[in-house]
There are 2 protein chains.
Amino acid sequence: MLSATEENYLKALIKISEKNSVDGKVGTNELAVDLGVKPATVNDMLKRLKDKKLIDYEKYGKIKITKSGKKSGIEIIRRHRLWETFLFDKLKFTWDEVHEVAELLEHVNNPKLIERLDEFLNHPQFDPHGDVIPNSKGKIIIHFKKTLSNAKVGQAVKMVAMKENSDVLLKHLFELGLGINKTLKVIKIQPFDLSMNILVDKKAITISNKLAENIFVVCKECKVIGECNKKMCELE
Amino acid sequence: MLSATEENYLKALIKISEKNSVDGKVGTNELAVDLGVKPATVNDMLKRLKDKKLIDYEKYGKIKITKSGKKSGIEIIRRHRLWETFLFDKLKFTWDEVHEVAELLEHVNNPKLIERLDEFLNHPQFDPHGDVIPNSKGKIIIHFKKTLSNAKVGQAVKMVAMKENSDVLLKHLFELGLGINKTLKVIKIQPFDLSMNILVDKKAITISNKLAENIFVVCKECKVIGECNKKMCELE
DNA sequence: TATAAAAGTTAGGTTAATCTAACAAAAATT
DNA sequence: AATTTTTGTTAGATTAACCTAACTTTTATA
Ligand SMILES: [Mn+2]
Ligand SMILES: [Mn+2]
Ligand SMILES: [Mn+2]
Ligand SMILES: [Mn+2]
């Protein structure tokens, strides 16, 4: 059994090692900054995590999460993102409110709860920020995401994520009636500035090329999103 | 801010003092047994709870929860019962599975979460065990519950709770198609053994007087359940 | 009422998670 | 290569929540 604190270390380790994509190794100070604690505190915890075989680590060396550590960590990320989806879809929290509450809910460890929640939410693939929700086997489906600016006239695409999570972008999208999982159909592209006329919820709107470059989409017809731009998808 | 442990002490205190209805005072050992810890541990915590003005307590004296302690405690009970309702109504957990998970979820302290959950569940008044859910002001609507055995021929009543929560009773009710919030109409009462013919979901069933004495009901017509057997309610 | 039983307290110890302050090793810069 | 900066470790404290063992007070009962 993992404590909430240990769970947070694993999440942080996964997040940072994804950023440090060279070798996926992480430093003590880096972890301390991310978790908002002192390096001495991290050092203590590293010993416990090593004992539990959740990390590989030698004194003065770099930290590397183990297979087992990653498995647990991904499970926490799954819980976090499912709760975010619940809060957004069902309880009508806004995009920027969900994270804080999910930070608490993610530590409630009951497998049946998470499976039932997943079912209740209709096995969502993305959380409200467009991040992929790992499946119940801990597998993260890799999405070959393209931006809306790659879509062609006449094409229908599904919005799956945003390039950044800033408030200005979010508010802008909200005002335009855009959001995760919405279906967009490209009506026209202006050759001059590449701005697009698109159809959302039967309403025609115009969006700039700059905005289109910040919206990740997948081909509407693709059932298996992970295989999107391989065979049938028209997005390039 | 209260820790999960402190919250559990307040819940236990409210539960036990309701049972010790003479003066509502509780002893150290009693609390220890209920919480599954040693009396010495309780003694430690009593000092902390007293410092936080959540209990009144003098050395070798009895423990009495304060106004403020009760307010917090009822808030936890509200969360617990709302989560139980969520698990039962939305995630299709069974009656006997919800408590364990709600024990964890109840400690997630976010007011907006609870208000939204309450809304999402349509402001339920009872949890899946028939216990009253305190409202957002911490008020517990007092129900003048009567057992089904008090109902008269021709009367329609709503099932609100069970006298006990045993598995045998639950299974029996389930097999008969009975459950919380179901509307029951009394068709006939056998003078010999007081067994009842009742209508549930348009189906006629027969139940023994013993069972009828274990089912709490309120008059179907009463909007304000708390005022049930005062004015309009036919139940006596 | 004296004594035994029950209830409650205290002292001293443990563990997880945090801290500060001092120190040591590794890396970067001159 | 020497020095400085950055990074990481250790020692020693603290706090909440638990424990055991010994002790004290209250209550019950012979
Ligand atoms: Mn988040
Ligand atoms: Mn967290
Ligand atoms: Mn319960
Ligand atoms: Mn609890």
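Just so it is clear: chains get the letters A, B, ... in the order the sequence lines come, proteins before strands, and each one is counted from 1.
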Using a cut-off of strictly less than 4.0 Å between a heavy atom of the residue and any atom of DNA chain D, enumerate the qualifying residues of residues 40-48 of chain A by number. A:Ala40, A:Asn43, A:Lys47
Tell me yes or no: between the side chains of A:Glu30 and A:Asn20, is some donor less than 3.5 Å from an acceptor? yes
So if I take residues 5-16 of chain B and measure heavy-atom distances to DNA chain C, which residues fall below 4.0 Å? none
Do other residues, nucleotides or ligands put more than 12 heavy atoms under 6.0 Å from A:Lys90 NZ? yes
A quick test of your reading: do over 12 heavy atoms of other residues, nucleotides or ligands sit less than 6.0 Å from CD of A:Glu115? yes
A:Phe126: which of A:Thr85, A:Val132, A:Ile133 passes side-chain contact (heavy atoms from CB on, under 4.5 Å): A:Val132
With respect to the phosphate group of D:dT20, does any side-chain polar atom (N or O) of B:Lys38 fall under 4.0 Å of OP1 or OP2? yes
Walk along DNA chain C from 5' to 3' and tell me the first and last nucleotide with an atom closer than 4.0 Å to a non-hydrogen atom of chain A. C:dA16 to C:dA25
Is the shortest side-chain N to carboxylate O distance from A:Glu175 to A:Lys171 below 4.0 Å? no
Anything under 3.5 Å between a donor and an acceptor, one on a side chain of residues 210-218 of chain B, the other on a protein residue two or more places apart or in another chain? List them.
unit_1: B:Asn214; atom_1: ND2; unit_2: B:Lys210; atom_2: O; d: 2.9

Which angle, rounded to 10°, do you find between the first-five-pair axis and the last-five-pair axis of the helix from C:dT1-D:dA30 to C:dT30-D:dA1? 10°
Donor-acceptor contacts, no H, no angles, side chain residues 33-44 of chain B, under 3.5 Å, sequence neighbours left out:
unit_1: B:Asp34; atom_1: OD2; unit_2: B:Lys15; atom_2: NZ; d: 3.0
unit_1: B:Asn43; atom_1: OD1; unit_2: B:Lys47; atom_2: NZ; d: 3.4

Identify the heavy atoms of A:Phe93 and A:Phe88 that sit nearest to each other, and give their distance. O-CD1, 3.4 Å
Given A:His129, which of A:Glu84, A:Arg81, A:His99 fulfils the side chain to side chain donor-acceptor pair (under 3.5 Å) condition? A:Glu84
